[in-house]
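Lettering of chains follows the sequences in order, A, B, ..., and the numbering in each one begins at 1.
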Amino acid sequence: MTDQAHPDRLAKVEALRAQGIDPYPARGVAATPIGELLVGAGTPEAPGALVGTRVTVAGRVQLLRDFGKLVFAPLQDRTGRLQVGLERDKLTEWWPQRKLLDGADLVGVTGTLGHTKKGEPTVWAEVVTLLAKAVAPPPEKWHGLVDKELRYRRRYVDLWASEGVADVFVKRSKTLGTIRKYLESEGYLEVETPTLHPIAGGAAARPFVTHHNALDSDLYLRIAPELYLKRLVVGGLERVFEISRNFRNEGLSVRHNPEFTMLELYEAQADYRRMLEIAEQIVERCALAVNGTTKVTFRGAEYDLKAPFPRVGYTDLFREKNGFDFDDAAKVKRRAQELELHVVADPWKLMNDVFEATCEDTLSGPVFVVDYPVQICPLAKQKPGDPRIAERFELYVAGMELGNAFSELNDPAEQQRRFEEQVATKDPEAPGEVDWDYVQALEYGMPPAGGLGIGIDRLVMVLTGQDSIRDVLLFPAMKPESRGSRGELEKNAAPKP
RNA sequence: GGGCGCGUAGCUCAGCCGGUAGAGCAACUGGCUUUUAACCAGUAGGUCGACGGUUCGAUCCCGUCCGCGCUCACCA
């Protein structure tokens, strides 16, 4: 046991066993969800259909309000909270066990649904079944878990002890469901591609490295599913999407977690103009599904996610904010020095750094930044009539990048050339070698296609008004607990006295 | 990685100028059949994140380390 197990509660486990009661029975009870019981209870003035009937409720004991011969105990399940009334006179057989019941225990209660004198819906208990004894005490009943470290480390407590936490994850699930439903209605196929990649491609990021023993080869956890999904477009699947966990071995912040969820989709015969429409549809539909409105409040500001979103040209915005054109390398360098940016060797990366420093914060959004310099888009197709520009856009809300899309490059020779350029930079964020298999896939012919990626965690942040990505991840990345740290798990290896 | 801040009872938090610690909730004992954070009386619970230093004496001052938060950097 850990040091969370409380001696009083452990003693109660023994007392229950001594009475022949299993504190951890093998079977649960068939219970009606509390949400349905609350509807069925109605109010004292307008009683619902279930009032006076025998019902079973199962949940976690939130509180015990003990009046001696009467105990009120609100139970909570995934659908809500409903109190049970435990009366000595109706529970003569069970009553001696009353002192063995604690807050946070899981119980099933069968009884008659009704109301108290004050009008509170209540199940008046006839049978009480302990479903699982909590030997670790619950957090303080009014504040819940406040300490962020404890909240993230013990999400299994945070979810039921802190107000509104579970709701964020219900909304996250609705977001994913809405996306799946919409894309399926558009004829998309949901697919699963490898997580272990021999080459870390499809994005620029430092990868996690692992090793496969039987194949004796190093593998990378995927930084993006992009190149596999486009292979499927070559394979004729034409409209595919994947909701993919990606891994990037980089810093943590309120917008970054080393593993994060990305929606990527690819559509044959489409280009980035169609992707604009899909991105708008996804964001708007998810907002409506989750909140019933397109208006959201995020980081203290209001946003309306109603389609269509405005478009602004990357190069236009660059010129507006900096007073010169993006491809004037000398001025870019001077500007970077003015801004006290770290002046990197790659002039195009430097240009984009200047863009991010001067433009990104101004993109309150929702807004699409469209038409990027081709040099920072190694997988995107050039714009017809302007070879300096790639058909690419990014979607911004609150200065935060939510999505990224382009008309996919499908010329194998051009793709090979750009891969070789990337590899030559020796950048730790660039792939270490040319993905020849992907070049070969393009040699078989990929139809013109548009592709779109949307950061699901960030989308959920905006939809639920959470400032930090950690609050939309059930188990955000944390350092493992270790000796001397505060949340130490003291393993009780020695036999008990 | 840098800066700032935090770590005290199971939880939420006090603790002044250095003199080995308090409250509320939870727990335990007793009372109470209508509460909504029930109430009343009593009891128990602490290596003050870890290790070192200064000091007659350290929760408090100093150093190192661990963990967390915010922030900057990094992050197509």
Point to revise | Close aromatic pair by centroid cut-off 6.0 Å: A/F355 and A/Y314 | key: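 Yes: the rings meet the under 6.0 Å criterion.
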Check your understanding: A/R222 side chain to A/R245 main-chain N or O, any donor-acceptor pair under 3.5 Å?
Key ->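 Indeed, once roles are kept as given, a pair shorter than 3.5 Å links the two residues.
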Would you mind telling me which of [options] lies closest to the side-chain atoms of [X]?
{"X": "A/E149", "options": "B/rU36, B/rG67, B/rA37", "answer": "B/rG67"}
{"X": "A/Y152", "options": "B/rU12, B/rG69, B/rC32", "answer": "B/rG69"}
{"X": "A/L70", "options": "B/rA26, B/rA27, B/rU34", "answer": "B/rU34"}
{"X": "A/L63", "options": "B/rC13, B/rA37, B/rU36", "answer": "B/rA37"}
{"X": "A/T116", "options": "B/rG69, B/rU12, B/rU36", "answer": "B/rU36"}
{"X": "A/D102", "options": "B/rA37, B/rU12, B/rA27", "answer": "B/rA27"}
{"X": "A/K12", "options": "B/rU34, B/rC28, B/rA26", "answer": "B/rC28"}
{"X": "A/P137", "options": "B/rU34, B/rC11, B/rG10", "answer": "B/rG10"}

**Study point:** B/rC4: pairing nucleotide in any strand, Watson-Crick or G-U under 3.5 angstrom
**Key:**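 Across all strands, the one nucleotide that pairs with B/rC4 is B/rG69.
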Check your understanding: Which base, if any, makes a Watson-Crick or G-U wobble pair with B/rC61, both distances under 3.5 Å?
Key ->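 Paired with B/rC61, as far as the under-3.5 Å criterion goes, is B/rG53.
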Review point. A/E140 CD to B/rA9 P: how many Å, rounded?
Key: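 So the two atoms are 14 Å apart, to the nearest Å.
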Categorize [X] for me: base, sugar-phosphate, or nothing, with a 4.0 angstrom heavy-atom threshold over every strand shown.
{"X": "A/W124", "answer": "base"}
{"X": "A/Y372", "answer": "nothing"}
{"X": "A/E356", "answer": "nothing"}

Exercise for review: Taking atom C1' in both B/rA23 and B/rG18, compute the distance separating them and give it to the nearest angstrom.
Suggested key: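 About 23 Å, rounded to a whole number of Å.
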Point to revise | P-based separation of B/rG63 from B/rG3 [nearest Å] | key: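 Pairwise P distance, B/rG3 against B/rG63, rounds to 13 Å.
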Point to revise | From A/V165, A/L159, A/D158, residue fulfilling side chain to side chain contact (heavy atoms under 4.5 Å, CB included) relative to A/L145 | key: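 Per the side chain to side chain contact (heavy atoms under 4.5 Å, CB included) rule, the option paired with A/L145 is A/D158, out of A/V165, A/L159, A/D158.
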